[in-house]
Amino acid sequence: MDIRETHPFDLAPAEAIRLQERLRKQVKPSGDAGEVSLVAGADASYARGSDVIHAVVVVLRYPDLSVVERASAATATAFPYIPGLLTFREGPAIIEAFQQLASEPDVIFFDGQGIAHPRGLGIASHMGVLFDRPAVGVAKSLLVGTATEPGPGRGSTAPILQDGETIGMAVRTKERVKPVYVSVGHRIDLSQAVDLVLATGRGYRLPEPTRQAHLFANTVRREEGRDDRQTGLPAR
DNA sequence: GCGACAG
DNA sequence: ATCTTGTCGC
């Protein structure tokens with residue numbers, strides 16, 4: 001059945017925040033993803049004037065990183081982007097994309113934070129709890145916390161700190177390129193999460209699962225997205 | 001009250 | 001996230 005039948009997404013910001021504070025108790029920020037043979041990357045894409053979100057999930061075999069499956073879904077959203085409430089905007093589309101998936105990935109990479117979030121429930125933790133699967137947050141910038149600059153070499157790391165606690169890790173995935181911010185989503189240790197991010201790297205800043213999801217999301221939006229009317233509206 | 005602020 | 005060509009650096 002559909003998770004969306006038991007989990008509300010069409011909420012007012014204040015209600016969404018209360019739901020996050022309730023769900024954060026179900027997050028397990030530790031564990032072992034076990035023998036990883038399938039790693040998935042989830043991402044969303046949309047045209048600027050449109051409320052149609054195209055979400056995708058790409059599954060790669062580990063450790064060879066060959067793509068074994070791709071799934072997508074498009075949904076209309078009314079929820080705007082509000083820092084800290086990203087899941088309420090992209091969650092429904094991502095859930096639907098996963099429902100189109102045949103395989104069961106051992107771990108899922110999400111585009112955004114895990115527990116490195118104001119209420120400890122970034123999109124990776126939120127989705128991880130709903131799917132009850134190991135999840136990792138791979139973000140391109142920080143939402144909360146601070147981190148010192150990792151060394152210049154690939155593999156260098158620096159803890160993301162908040163109130164003296166390590167809530168994630170800044171990871172240099174490519175020499176001399178801005179680091180990515182990894183935080184545990186659900187049912188996995190930070191060290192294994194960081195190891196997986198580095199082990200799924202292929203010379204680019206973003207790990208392959210995430211990168212492939214990005215690419216596929218854009219492809220799907222431009223091809224199948226011939227229904228969300230033009231981009232030719234004079235912005236201004 | 002003034003900034004900061006995943007995607 | 002998205003718009004958008006060329007361009008600087010390794």
Side-chain angles (χ1 to χ4, degrees), chain A residues 9 13 16-17 20 24 27 41-57 72 74-95 97 108-128 135-147 152-154 160-163 167-186 193 197 203-207 209-211 213-223 225 228-236:
Chain A
F9 278 99
I17 286 175
Q20 291 183 319
R24 73 180 303 175
V27 177
D43 189 32
S45 165
Y46 36 89
R48 71 174 159 183
S50 177
D51 63 339
V52 175
I53 295 183
H54 292 273
V56 309
V57 50
S72 68
T75 66
T77 311
F79 209 98
Y81 167 65
I82 297 175
L85 299 180
L86 178 64
T87 305
F88 290 88
R89 177 172 172 70
E90 302 186 348
I94 290 177
I95 288 171
I108 308 163
F109 286 6
F110 286 90
D111 217 317
Q113 317 295 341
I115 62 172
H117 175 280
R119 290 166 291 284
L121 197 78
I123 192 166
S125 296
H126 199 148
M127 293 291 102
V136 175
V138 180
K140 296 181 291 300
S141 63
L142 289 173
L143 175 58
V144 297
T146 59
R154 176 170 203 281
I160 298 173
L161 305 171
Q162 182 174 55
D163 303 319
I167 58 175
M169 203 72 87
V171 181
R172 187 85 67 188
T173 50
K174 182 173 166 49
E175 50 290 329
R176 251 169 286 177
V177 166
K178 191 178 189 299
V180 294
Y181 302 92
V182 179
S183 62
V184 161
H186 187 55
V197 165
Y204 294 90
R205 181 191 181 205
L206 299 178
T210 302
R211 184 169 162 276
H214 263 297
L215 295 172
F216 186 50
N218 284 313
T219 295
V220 167
R221 174 167 63 85
R222 294 185 313 188
E223 294 182 346
D228 61 83
R229 300 306 68 161
Q230 296 322 298
T231 303
L233 296 176
R236 196 167 323 184

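First the proteins, then the strands, lettered A, B, ... as listed; each starts at 1. What you see is a predicted model; the values in this text were computed from it and never measured.
- Close to C:dT2, at under 4.0 Å from its OP1 or OP2, lies a side-chain N or O of A:Arg221.
- A close approach under 4.0 Å does occur between a side-chain nitrogen or oxygen of A:Ser141 and OP1 or OP2 of B:dG7.
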Working for ring pair (Phe, Tyr, Trp, His ring centres under 6.0 Å), residues A:His186 and A:Phe110: CA-CA 11 Å; A:His186 187 55; A:Phe110 286 90; over 10 Å; no

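- Dashed line: the shortest gap from a side-chain N or O of A:Tyr46 to OP1 or OP2 of B:dG7 is not under 4.0 Å.
- Separating the NE2 atom of A:His117 from the C1' atom of B:dA4 is a distance of 14 Å, rounded to the nearest angstrom.
- One distance of note links CZ of A:Arg211 with OG1 of A:Thr173; it measures 11.5 Å at 0.5 Å rounding.
- Closest to the side chain of A:Ser45, out of C:dT2, B:dA6, B:dG7, is C:dT2.
- No engagement by A:Leu121 is indicated, since no non-hydrogen atom pair under 4.0 Å with the nucleic acid exists.
- Heavy atoms of A:Gly84 sit under 4.0 angstrom from at least one base atom.
- The phosphate of C:dA1 has neither OP1 nor OP2 within less than 4.0 Å of any side-chain N or O from A:Asn218.
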Derivation and outcome, side chain to side chain contact (heavy atoms under 4.5 Å, CB included), residues A:Ile115 and A:Ser125: CA-CA 6 Å; A:Ile115 62 172; A:Ser125 296; 3.5 Å; yes

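- Using modelled atom types, one side-chain atom of A:Arg205 and one backbone atom of A:Lys140 make a donor-acceptor pair closer than 3.5 Å.
- A side-chain contact (heavy atoms from CB on, under 4.5 Å) with A:Glu90 is found for exactly one of A:Phe9, A:Tyr81, A:Phe79, A:Tyr46, namely A:Tyr46.
- Residue contacts for A:Ile53: at a heavy-atom cut-off of 4.0 Å it reaches no nucleic acid atom on any strand shown.
- By the 5.5 angstrom centroid cut-off and the 30-degree plane limit, A:Tyr81 is classified as not stacked against the base of C:dA1.
- The phosphate of B:dG7 has OP1 or OP2 within less than 4.0 Å of a side-chain N or O from A:Lys140.
- When the C1' atom of B:dA6 is taken as reference, atom CZ of A:Phe109 falls 17 Å away, rounded to whole Å.
- B:dA4 atom C1' lies 15 Å from atom CD1 of A:Ile82, rounded to whole Å.
- A:His126 comes within 4.0 angstrom of no nucleic acid atom, judged by non-hydrogen atoms across all strands.
- Spacing between atom CZ of A:Arg222 and atom C1' of C:dT2 amounts to 13 Å, rounded to whole angstrom units.
- Counting to the nearest Å, the P atom of C:dG9 and the NZ atom of A:Lys174 are 16 Å from each other.
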